[in-house]
Amino acid sequence: MIKMTLNNKPVELDVNPQMPLLYALRDELKLTGTKFGCGAGQCGACTVHVNGQAMRSCVTPVSAIAEQAITTIEGLADHNGKLGESAVQIAWREFKVPQCGYCQSGQMMSAAALLQAIPQPSDEQIIEHMQGNICRCGTYKRIKAAIKSAATHSSASSLSASHSATGNSADSTLPVSTSPSNKSKVEVFSASQFASKKQGASS
Amino acid sequence: MNAIENVSRRGFLKVAGISTGAFVLGISLPVGTAQAKSSTGALSHELNFFVSIASDSMVTLVCHRSEMGQGIRTSVPQIIAEELEADWHKVTVVQAKADAKYGSQGTAGSASIRNHFTSIRQIGAVARDMLEQAAANIWQVPRSAVKAHKHYVVHSATGEKISFGELASHAAKLTPPDSKTIKLKANSDFSLIGKDVKLTDLDDIVAGKAQYAQDIQLPDMLIATIVRPPVVGGKVISFDASEALKVKGVVNVIALKTRSIPVGINPLGGVAVLANNTWAAIEGRKKLKIKWQLGDKQNHNSNEFSKQLVKQVNQQGETVASKGDVYNHQYNENNTIAATYTVPYIHHAPMETPAATAVVNGKKCTIWAGTQNPQWAKGTVARELGLEKDEQDNIELNVTLMGGAFGRKSKADFIVEAVELAKASKRPVKVIWSREDDIQHGYYHSISANYCKAELTANGSADHWISRNAYPPIGWLWNAEAKVPSDNQLALGFGDIPFALKNLSIEKHAVDSFVRPGWVRSVACINNGFALGSFVDELAVKAKLPTRQMWLNLLGADRHVDPNDNGFKYSNYNLDLAAHPIDTKRMKDLINLISDKAKVEQELPENQGWGISFLRSFGSFVAAATKVEVVNNKVTVLEMHTAVDCGIVITPDRVKAQMEGAMVFGLSIALMGEISVKDGQVQQSNFHDYPVARIGQVPEMHVHIVKSDAPPGGIGEPGVPPVAPSITNAIYHASKTRIRDLPVSKVFTV
Ligand code: FES
Ligand code: FES
């Protein structure tokens, strides 16, 4: 049995610990807002937050997120916990970013994590952080514009629900950047990286 | 369009969840067709409505075309609401199931609005007319004394008004007027068309609530993953499922029906692992042992094949269209260019891989699928289940949102797979394609070679023009002997060359097929547009003219071009050529517009260059301009523009979005998209080896929309064809390296 906090609610999962979080979310918990796009950490469609950090759920086994706080698109909220009203979601609607919309849960989760780490990202930082999220419909121009707008309007209020709920932004068990000297660098962790970091942090 | 009927009092309304007292217009098939005879009382008749107005004034409109990101679930209801005079805030949209009564539902060829604009308007206009008549009856005034306005009918003399809701039960008793005689609004009276309205699915998408085919959940449902034959036409000889069945969660392993060539839109066969969850299915699949018979397509190698196509187009082919004489002409070598262009196999790679869910119960079958062509899928499933034509209504096909499609989801193969497995396992089955499945078992844009030759003329134009192409034709899907493209295919930026030439020869070649060819966003306009746009630029360089000037000179005087004059049977994308002419003035205006807006003739720093291109396709005119920088063998795209003249614009922001998307799609084609085949097997598997554009490669982008009252053209595809040549032309002007073989990544870092 694997325990975690999912969108602020405690959840227990009775699945193969190797099962990637993506399939646990979609098939077991019926939370289908998180999408499958490649299954290999290459497209970002499956991005969720683990303790406020962007993670590719398709390559993150549930064993790696035991006892962690997960936020999916269904739990993305403004800093008062109002669902669907995070700064990125407001900007996404304002700029009419989505075409087919399929990649957009992942895009918004990545963008929200970026703004949480860097409230006022530069163009280069936006590109670097969002490079892992493919949009085959080609909405990149609007994604950039929406992130900038969300950054101006939110001034770092775009916290994911679970993270704000823990109120613990300096939790020492959080995965940390591989380049801690560069505070502005945000990373998206793959499963193996994350698992090893977690072990490192707890040992 | 089929006949519009008042279906307000049919028993099925309750089932459809529409309150009593509602006014409902539906459509029926012309009497005499098989479906019309069988449909009375049949299940699928329940939702056969287009417009429903409830007594609380809420309007429900049906979108009968499929949504894949183009915004059609906004634009179709927007058109109906325009003629209905409905308040957009009181409109909800429901998706039509597959039903022949809706007329064409095939959402392809950028056709939804360009081919159905009038019939969609008529639906709203008939409903409005009946509401007006109902109000006139209540006030006992002539019909001409009343007028619908924003969800009310107003008595013009008194200003008195009655809401649509109050009128609904009265209109429900009236007989619809003939839709053909109904007067449609003048363009100048449009209040919704041409305006940006709230997008139908935007809030759901942003909240993560939008439902795609992959998201369907049913009790007791199994998830299936399928190993398909590695080579088209291959077959399973034997398989060992014992290890796969030991994986916890795996419920069943089923061999799919063996299929043969012609492949049509059928599944490919193979072996399916069915499990309680996706992960178990994937793990089980890894343990399957299958022996294949690969079949006779296993000798196909795309690299060598491309060379063969190049050889073919450098020889005279079979005439498609001709004028004057190009073969008894003494070409002056100093003024003549001959060039061969190649494009590899290209794949759609929609973000949502194909998926479908089915339940089969005896002769009844319910399906949920993201499909561009619901009725084609339904008919294919009916044949699969052995149903007679008049039993088709036993199949209920629910159309979900598609997470991208680009032509891929016109084909029903993945839907038939779900039906086959649901029938065999007697449980609901959701088939999900992995990304590897998607990339390796697609319907690819055909590998191609195009050849162009022409001689410059003294007045800065060209003549004695030869265009040839060679590529596996889509007709091979249905006819294993098909070797040449159909006239419809050849009309795509090839047989419809708009230049003022005195001597012209357009020729095709016979080619064999080895993988499944398909329609990829703008289809043969990809390769034909690349060749044409590149060649005009090459002529301009040779003539030492700005590329804009070469386009203008080649297009010549203002006129309407008729390709039939050159002996070509031209279908004009199934549009009336008089209403949708090949208008050289609109072309020249657009080329001037893009050149001016992008300032393509400005002085640039060394290593930078502008490129432009143009193509009219699917009834719309699009020009593209791109600025690149080439430094240290690396191409960086700095700025992109498209200018579009698509006639009347319905939803401006979605036209803009399609143009933005087309620039990105075209950029992927130009810079990096290549499917290669070795020993009959696709070599790529996921986004690491089939890269598509990412955010860092996408530059500043601008869209210029021409204001026009002309009948609407298509919008999903026409943005794509001019993009790739605008990029490679820019690369030439920046670096003097001419890219004739896509993708650019063969030569430059991108
Ligand atoms: S599904 Fe593509 S990164 Fe996870
Ligand atoms: S909106 Fe369709 S893939 Fe991004």
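Each chain gets a letter, A, B and so on, in the order its sequence line appears, and its residues count up from 1. Because the structure is predicted, anything quoted here is derived from the model rather than measured.
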Go through [options] and name the one with the most non-hydrogen pairs under 4.5 angstrom from chain B.
{"options": "Ile127(A), Ile126(A), Thr139(A), Val97(A)", "answer": "Ile127(A)"}
{"options": "Gly84(A), Pro98(A), Cys43(A)", "answer": "Pro98(A)"}
{"options": "Ala24(A), Pro20(A), Gly132(A)", "answer": "Pro20(A)"}
{"options": "Gly33(A), Gly101(A), Cys135(A)", "answer": "Gly101(A)"}
{"options": "Lys35(A), Glu28(A), Glu74(A), Arg142(A)", "answer": "Arg142(A)"}
{"options": "Arg93(A), Glu85(A), Lys144(A)", "answer": "Arg93(A)"}

Locate the shortest heavy-atom distance separating [X] from [Y]; write the atom from each residue and the value.
{"X": "Asp196(B)", "Y": "Lys96(A)", "value": "CB-NZ, 3.9 Å"}
{"X": "Asn686(B)", "Y": "Ala40(A)", "value": "ND2-CB, 3.8 Å"}
{"X": "Cys100(A)", "Y": "Tyr212(B)", "value": "O-OH, 2.6 Å"}
{"X": "Ala207(B)", "Y": "Gln89(A)", "value": "CA-NE2, 4.1 Å"}
{"X": "His347(B)", "Y": "Arg136(A)", "value": "O-NH2, 3.0 Å"}
{"X": "Ser434(B)", "Y": "Phe36(A)", "value": "CA-CZ, 4.0 Å"}

Is [X] in contact with chain A via its backbone, its side chain, both, or neither, using a 4.5 Å heavy-atom distance?
{"X": "Leu667(B)", "value": "neither"}
{"X": "Ala349(B)", "value": "both"}
{"X": "Gln217(B)", "value": "side chain"}
{"X": "Ile439(B)", "value": "neither"}

Less than 4.5 Å apart, any side-chain heavy atom of [X] and any of [Y]?
{"X": "Thr278(B)", "Y": "Arg26(A)", "result": "no"}
{"X": "Lys141(A)", "Y": "Glu700(B)", "result": "no"}
{"X": "Tyr140(A)", "Y": "Glu660(B)", "result": "no"}
{"X": "Glu283(B)", "Y": "Gln18(A)", "result": "no"}
{"X": "Ile134(A)", "Y": "Met351(B)", "result": "yes"}
{"X": "Phe665(B)", "Y": "Cys137(A)", "result": "no"}

From [X] atom [atom1] to [Y] atom [atom2], the distance as rounded to the nearest 0.5 Å:
{"X": "Tyr23(A)", "Y": "Ile432(B)", "atom1": "OH", "atom2": "CD1", "value": "8.0 Å"}
{"X": "Met19(A)", "Y": "Trp279(B)", "atom1": "CE", "atom2": "CH2", "value": "8.5 Å"}
{"X": "Gln211(B)", "Y": "Thr32(A)", "atom1": "CD", "atom2": "OG1", "value": "6.5 Å"}

When heavy-atom pairs shorter than 4.5 Å are enumerated against chain A, which of [options] gives the highest number?
{"options": "Ile695(B), Ile205(B), Asn277(B)", "result": "Ile695(B)"}
{"options": "His688(B), Met68(B), Met701(B)", "result": "His688(B)"}
{"options": "Lys209(B), Arg654(B), Met663(B)", "result": "Arg654(B)"}
{"options": "Leu401(B), Asp653(B), Thr353(B)", "result": "Asp653(B)"}
{"options": "Ala693(B), Ala662(B), Ala657(B)", "result": "Ala657(B)"}

By a 4.5 Å heavy-atom criterion (distance strictly below it), what part of [X] contacts chain B: side chain, backbone, both, or neither?
{"X": "Gln104(A)", "answer": "side chain"}
{"X": "Glu124(A)", "answer": "neither"}
{"X": "Ile143(A)", "answer": "side chain"}
{"X": "Asp123(A)", "answer": "neither"}
{"X": "Ser105(A)", "answer": "side chain"}
{"X": "Met108(A)", "answer": "side chain"}

Backbone N/O of Arg694(B) and side chain of Gln131(A): donor-acceptor pair under 3.5 Å
no
query: Take atom NZ in Lys30(A); do more than 12 heavy atoms of anything else shown fall under 6.0 Å from it?
result: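 Above 12, so yes.
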- Query: Salt bridge between Lys430(B) and Asp27(A), side-chain N to carboxylate O under 4.0 Å?
  - Reply: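 The answer is no: the pair does not qualify as a salt bridge.
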